[in-house]
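Keep in mind that the numbers below use all heavy atoms, side chains included, and drop hydrogens, waters and symmetry copies.
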Amino acid sequence: MNDTRLRTYAARFDKVLAYIEAHLQEPLPVERLSRVANFSRFHFHRQFADYLGTSVARYILLLRLRRASYLLAFDRKTKIIDIALEAGFENPESFSRAFRHTFGLSPSAFRRRQDWESWHERYRFRLPERNIAVQVEIVTFATTQIAMLEHRGPAETVNDSVGRFIEWRQQTGLSPKASSRTFGIAYDNPDTTEPALFRFGIAGEVAAAVPPNPQGVVTQRIPGGRCARVRHLGSHSRIGESIYPLYRNWLPGSGEELRDFPLFFHYLNLLPETQENELVTDIYLPLK
């Protein structure tokens, strides 16, 4: 298959994957999905499994359970029965069976204590990288004081630190999510850093210094200056598809030099209130 045909084939699957993400709360029969990609319904199961390394039914189930997992972990006020319906299950019983079969514990047990490292193992299907043409803007970012919790350890356990940061936010009210910007500081690349050494900063904008606290949140700042900015649309798990073109394609020909501060993210909306396919994240690359 030549490059043009490969790109066309990939684009058809991208269309299917985007459709699934946008319609997770609806029935998704194979007949409908095959029509979205203009594939034969008789061969769609095999084509999907060959392309992604998992069946279409398994992929849809995992996406629904991922949405449910975020709600269980980060939205304690929502009842499990409502989470089941929100995630596209017909009733709490079918949701609980699917959750236990997939993760080895009930939704209520997961709500009490998450094992994100084991959880991530279920999501290691082969998801092809999309070729995204990024739009780069040169902007000036103002120096911003932040409250930051530094995560150290495997990237798969970042959500443990996210949970502690949310706890700090809720207990102190010092960086209210509704009125304060939320940031991520990418000190290391998880693809090239030894898991035990990986660092990532979870941060929220604050107006004053952060008092001592049991979660370990401290006062830091994002220095002001020129930045290249790219907007990423969709799941945070695929944010690398917007980062790599910035480094690989744009930077070498831009004539720009990088400043001594890590890449960072401004999350314009957040899980679990926002569906993954509707997430919007601005990526900032600091420049001299």
Quiz item: Between the side chains of R169 and T182, is a donor N or O closer than 3.5 angstrom to an acceptor N or O?
Solution: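 Yes, side-chain donor-acceptor contact under 3.5 Å.
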Practice problem: Please check if any side-chain donor atom of T157 sits under 3.5 Å from a side-chain acceptor atom of D160, or the reverse. | Solution: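 Distance-only check fails for T157 and D160.
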Self-check item: From Y51, F48, F13, residue fulfilling ring-ring contact (aromatic ring centres under 6.0 Å, His included) relative to F39
Solution: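 Going through the options one by one, the only one that passes is F13.
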Distance-minimising heavy-atom pair for [X] and [Y]:
{"X": "F95", "Y": "I80", "result": "CE2-CG2, 3.9 Å"}
{"X": "G184", "Y": "Y267", "result": "N-CE1, 3.4 Å"}
{"X": "D188", "Y": "L197", "result": "OD2-O, 3.4 Å"}
{"X": "F141", "Y": "P223", "result": "CD2-O, 4.2 Å"}

Quiz item: With respect to E137, which candidate in R231, R226, R229 satisfies the salt bridge (Lys or Arg N to Asp or Glu O under 4.0 Å) definition?
Solution: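 Single pass found, and it is R229.
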Self-check item: Distance in Å, R199 CZ paired with S161 OG, rounded so as to fall on 0.5 Å steps
Solution: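 Answer rounded to 0.5 Å: 13.0 Å.
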Quiz item: Does Y19 share a hydrophobic cluster with V30, counting links as ILVMFWY side-chain heavy atoms below 4.5 Å and allowing steps through other members?
Solution: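 Same cluster.
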Quiz prompt | Verdict with reasoning, Q215 to Q171, per side-chain hydrogen bond (donor to acceptor under 3.5 Å, both in side chains) | solution = CA-CA 10 Å; Q215 290 85 9; Q171 287 180 0; 3.0 Å; yes
Quiz prompt | salt bridge (charged side-chain N to carboxylate O under 4.0 Å, His left out) between R66 and E21, worked out | solution = CA-CA 11 Å; R66 184 161 68 185; E21 290 177 4; 5.3 Å; no
Quiz item: Could E276 and R238 be called an ion pair, given the rule that one side-chain N must be under 4.0 Å from one carboxylate O?
Solution: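 Here E276 does not pair with R238 in a salt bridge, since their nearest N and O are not under 4.0 Å apart.
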Quiz item: Given the rule in the side-chain hydrogen bond (donor to acceptor under 3.5 Å, both in side chains) test, do D191 and Y244 qualify, once you have shown the distances and angles that lead to the verdict?
Solution: CA-CA 12 Å; D191 296 332; Y244 294 130; 2.3 Å; yes
